[in-house]
Amino acid sequence: MGFATMRLFVYNVKPVDWELKIMKIKGLIIFAALSLAAVAMAETWRLTEEQNWQQVTQSGDDNFVMAAGKAKQLVSTGKTARAKKAFAKFKDDYPELAGEDYDA
């Protein structure tokens with residue numbers, strides 16, 4: 001059997017079942033990586049008083065909004081100890097919000 005026939009023989013072999021499974025798994029991994037990359041590039045927007053969407057980083061009070069969002073996320077995920085610390089820091093950073101309603 002010559003080199004040309006051997007090469008033809010190698011290219012005509014159908015993949016084995018486990019090779020197909022590996023190809024499917026690789027495809028799923030690539031799809032998941034691309035999906036996560038798209039999620040990681042997401043931005044935070046908020047609705048202004050004029051009913052226009054604005055990026056949080058473009059507004060003057062972006063630190064306030066991000067701190068409030070982080071504290072709210074901790075409460076939503078059930079991490080109460082970290083949420084209490086976040087709200088205490090939020091209260092220290094923004095004393096104009098502190099009051100009876102805030103401490104209730």
Side-chain angles (χ1 to χ4, degrees):
M1 189 185 294
F3 178 74
T5 5
M6 181 66 141
R7 195 162 85 180
L8 255 170
F9 176 73
V10 170
Y11 285 122
N12 288 330
V13 173
K14 291 185 179 180
V16 188
D17 285 339
W18 61 270
E19 288 176 336
L20 290 174
K21 289 179 183 178
I22 290 175
M23 287 173 47
K24 286 180 184 179
I25 291 172
K26 286 180 182 179
L28 285 173
I29 290 171
I30 291 171
F31 176 75
L34 292 176
S35 298
L36 290 175
V39 170
M41 293 187 302
E43 298 173 349
T44 304
W45 294 75
R46 70 182 191 118
L47 194 60
T48 63
E49 293 176 5
E50 297 84 28
Q51 301 298 311
N52 295 322
W53 288 104
Q54 180 182 25
Q55 285 182 325
V56 170
T57 56
Q58 292 177 347
S59 65
D61 56 353
D62 58 343
N63 292 333
F64 170 79
V65 174
M66 294 299 282
K70 181 180 179 184
K72 182 179 175 185
Q73 181 183 17
L74 290 171
V75 170
S76 298
T77 56
K79 299 176 181 173
T80 54
R82 291 178 63 192
K84 286 180 182 178
K85 290 178 185 176
F87 277 115
K89 184 176 182 329
F90 187 73
K91 185 177 176 181
D92 292 340
D93 292 344
Y94 302 100
E96 64 273 9
L97 297 178
E100 294 176 16
D101 292 337
Y102 188 82
D103 294 330

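Residue indices begin at 1 and follow the sequence shown. Not measured: the values here are computed from a predicted model.
- Here the shortest heavy-atom pairing between F90 and A68 reads CE1-N, 3.7 Å.
- Residue K85 holds its NZ atom at 13.0 Å from NZ of K79, rounded to the nearest 0.5 Å.
- The nearest pair of heavy atoms linking R82 to L74 is O-CD1, 3.6 Å.
- Between F87 and V75 there is a side-chain heavy-atom pair separated by less than 4.5 Å.
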